[in-house]
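Protein chains get the first letters and strands the later ones, always in sequence-line order, with residue 1 at the start of each. Atom set for the values below is all heavy atoms of this structure, side chains included, hydrogens, waters and symmetry mates excluded.
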Amino acid sequence: MGEWMSLEFGWRALTHISQIDESTYGKTIKVGGWIEDIRNLGGIAFIQLRERDGVLQVTTIKKESEELFKKLTSLSRESVIVVEGKVQENKEAKRGFEILPDQVEVLSEADTPLPLGVADKVGAELDTRLDNRPIDLRKPKENAIFKIRSVLIEGIREYFMKEKFVEIHTPKIVAAGAEGGATLFPIQYFGSDAYLAQSPQLYKQMLMSSGFERVFEIAPAYRAEKSDTTRHIAEFTSLDVEIAFVKSSEDVMDCAQELVRDAIEHVSENAKDELGLFNVELEIPEIPFKRITHKECVEVLKEKGEGLTPEDDLDTVGEKLIGEVMKERHGIDFYFITEFPTAIKGTTFYAMRKSEDPSLTGYFDLGYGGLELVSGGQREHRYDVLVNQMKENNMDLESFDFYLIAFRYGMPPHGGFGLGIERFLQKMLNLSNIRECVLFPRDRSRLVP
RNA sequence: GCCCCCAUGGUGUAGCGGCCUAUCAUCCGGGCCUGUCGAGCCCGGGACACGGAUUCAAAUUCCGUUGGGGGCGCCA
């Protein structure tokens, strides 16, 4: 026992609400948590103690132990305590039982007033909440987002393991970017210029020549885009996938849709309680997802009065409109937008173009209710063609030789995609701001905490 | 980078140039109360982002600064 404590406990010694049932009634247990509220009625007081799995009630009676009563009722909200006491069945308690304390250890007293209310009736703005994120995350709903996120990642990993993918980790400090210099964060690297990786694109492709055949990575990606929207952050978590021996972009889409379906199914089965805090009906989408070509999208938008030419990329309004149209006409949330024109994907030098019509690529986006969730397609694996496409982009071939080496000595046809984890979560839980899905978000104006 | 909007106690808000030493709720402190569960009741505490300007008079109007929100562009 530590000399600073009088009540012995340990990380596995505490009982959680989810473990308490009729069989526990009458037994003495230890619980630990944060004091959410104290309802002091004078001779009796009810402490609402919030722990990992919810809020339980500790009831203290003055005439039974004035010392314990005073100790408990004088504490500030959000102070951390451990209580040893008997589980008492009581129909008047919300959970059907309450804890009658024998011993109380105050582990940490909370300062007052709180920078934002955890159990208050008034809300707080996102900015205030993010400034005080550790406290904000105590709120069951904010907390649940990250439990769901964890379950989502678990589901994703489960799918890839089942399909014999290898989980990889590529460098986040790089010498060159895959998507042009404007969105790279420059850093100093022992006296050389380096950048934070905006995508593992080049590396996952290189590994296709190494014989891994199927790889995936879940890792941060950095974009110095001067975007200030509810769906952009400077540091996000990217799921990247690359598959060798694909016959076309179709194979890549097959993988993406299976993954999305399985991941949603996994979340809906394994995060029921947490999902219940959000007003969402999580529907497991049916595969195959509908496919609509980019050209068809443009036509639909023209129908709707949006003036776009086939060379135009879909703008934000267009994306949202397509999402609405797919919902109205087909009742679906997920759909592939396929055959992106080469003109649009021009800077994506590694995209394979259609041999029968080089003005088109096999590249696709996966739309999720108007949000761009996935982007991918078959890559160009033929060395000469790839080099030509890089030349079109005025790229310095020498500085990309580390990449081209992989293509010179035996590279199978391959393709892959990238998926934004936060966007997936945001849309799934219908959250208005992507920052809600990141513990400590980084954006143009936020670097702390 | 562009366009629009906002800034009042710890938190969230009300506030017509003079009725404002500023509203309400929450919160914080004190008191009463043995079944609360949005606990209740009584008493008390705490704020006009900053710098200029207009005016007899500015929380309120104007300009700038800083901070924030929404949209666009770009994208995951």
K94(A) side chain N/O closer than 4.0 Å to the phosphate oxygens (OP1, OP2) of G38(B)?
-> yes
So what's C28(B) paired with, Watson-Crick or G-U wobble, going by both distances under 3.5 Å?
-> G44(B)
Looking only at side-chain N and O atoms, does R129(A) come under 4.0 Å of OP1 or OP2 in G12(B)?
-> no
Short question: side chain of T348(A), backbone of A351(A) - any donor-acceptor pair under 3.5 Å?
-> no
Base U34(B) paired with K62(A) side chain (donor-acceptor, <3.5 Å) | no
To the nearest angstrom, how far is R446(A) atom CZ from G67(B) atom P?
-> 12 Å
Write down the distance separating the C1' atoms in C20(B) and C63(B), rounded off to the nearest Å.
-> 25 Å
Both distances under 3.5 Å, Watson-Crick or G-U wobble: report the partner of G67(B), or none.
-> C6(B)
Counting Watson-Crick and G-U wobble pairs only, both distances under 3.5 Å, name the nucleotide matched with C72(B), or none.
-> G1(B)
Intermediate values then yes/no, ring pair (Phe, Tyr, Trp, His ring centres under 6.0 Å), F336(A) and F364(A) | CA-CA 6 Å; F336(A) 285 110; F364(A) 64 87; 5.3 Å; yes
Is T183(A) near enough to C74(B) that one of its side-chain N or O atoms lies under 4.0 angstrom from OP1 or OP2?
-> no
Euclidean distance for C1', C3(B) against A59(B) (whole angstrom) = 28 Å
Atom-to-atom span, CG of D240(A) to C1' of C75(B) - whole angstrom | 14 Å
Would you state whether a donor and an acceptor, one from the side chain of E98(A) and one from the base of C37(B), lie under 3.5 Å apart?
-> no
Rounded to the nearest angstrom, tell me the gap between atom CG in D111(A) and atom C1' in C28(B).
-> 12 Å
Using atom P of each nucleotide, how far apart are C2(B) and U65(B) to the nearest Å?
-> 12 Å
Shortest side-chain distance from T229(A), nucleotide among G35(B), G73(B), C27(B) | G73(B)
Does a side-chain N or O from N433(A) land closer than 4.0 Å to OP1 or OP2 of G70(B), or not?
-> yes
Please state whether the phosphate of C33(B), meaning OP1 or OP2, lies under 4.0 angstrom from any side-chain nitrogen or oxygen of R39(A).
-> no
What integer number of Å spans the P atoms of G71(B) and C16(B)?
-> 28 Å
Should the pair F165(A) and F216(A) be assigned to parallel (<30°), tilted (30 to 60°) or perpendicular (>60°) ring geometry?
-> perpendicular
Which value, in whole Å, describes the distance between the P atoms of nucleotides C62(B) and C5(B)?
-> 11 Å
Separation of C28(B) P from N40(A) CG (nearest whole Å) = 14 Å
Pairing partner of U61(B) (Watson-Crick or G-U wobble, both distances under 3.5 Å) = A53(B)
Counting just side-chain N and O atoms, does R77(A) come under 4.0 Å of either OP1 or OP2 of C27(B)?
-> yes
In whole Å, what is the span from the CG atom of D443(A) to the P atom of A76(B)?
-> 19 Å
Integer-rounded Å distance: G70(B) P and L431(A) CG = 13 Å
Using atom P of each nucleotide, how far apart are G29(B) and G67(B) to the nearest Å?
-> 34 Å
Rounded interatomic separation in angstrom, taking CD1 from I38(A) and P from G29(B) | 9 Å
Once the angle between the rings of F402(A) and F400(A) is folded into 0 to 90°, is it parallel (under 30°), tilted (30 to 60°) or perpendicular (over 60°)?
-> parallel
Now, which nucleotide makes the Watson-Crick or G-U wobble pair with C16(B), with each of the two distances under 3.5 Å?
-> none
Check if the side chain of Q57(A) and the base of U36(B) share a donor-acceptor pair of N or O atoms closer than 3.5 Å.
-> yes
Answer yes or no: does a side-chain N or O of K320(A) lie under 4.0 Å from OP1 or OP2 of C72(B)?
-> yes
Using the ring of each side chain (for Trp, its six-membered ring), is Y222(A) parallel, tilted or perpendicular to F185(A), with breaks at 30° and 60°?
-> perpendicular
Say you pick atom P in A39(B) and the same atom in A25(B); how far apart are they, in whole Å?
-> 16 Å
Between C50(B) and C37(B), how far apart are the P atoms? Round to whole Å, please.
-> 41 Å
Counting any heavy atom closer than 4.0 Å, what does I233(A) reach on the DNA or RNA strands: base, sugar-phosphate only, or nothing?
-> base
Who pairs with A39(B) - Watson-Crick or G-U, where each distance is under 3.5 Å | none
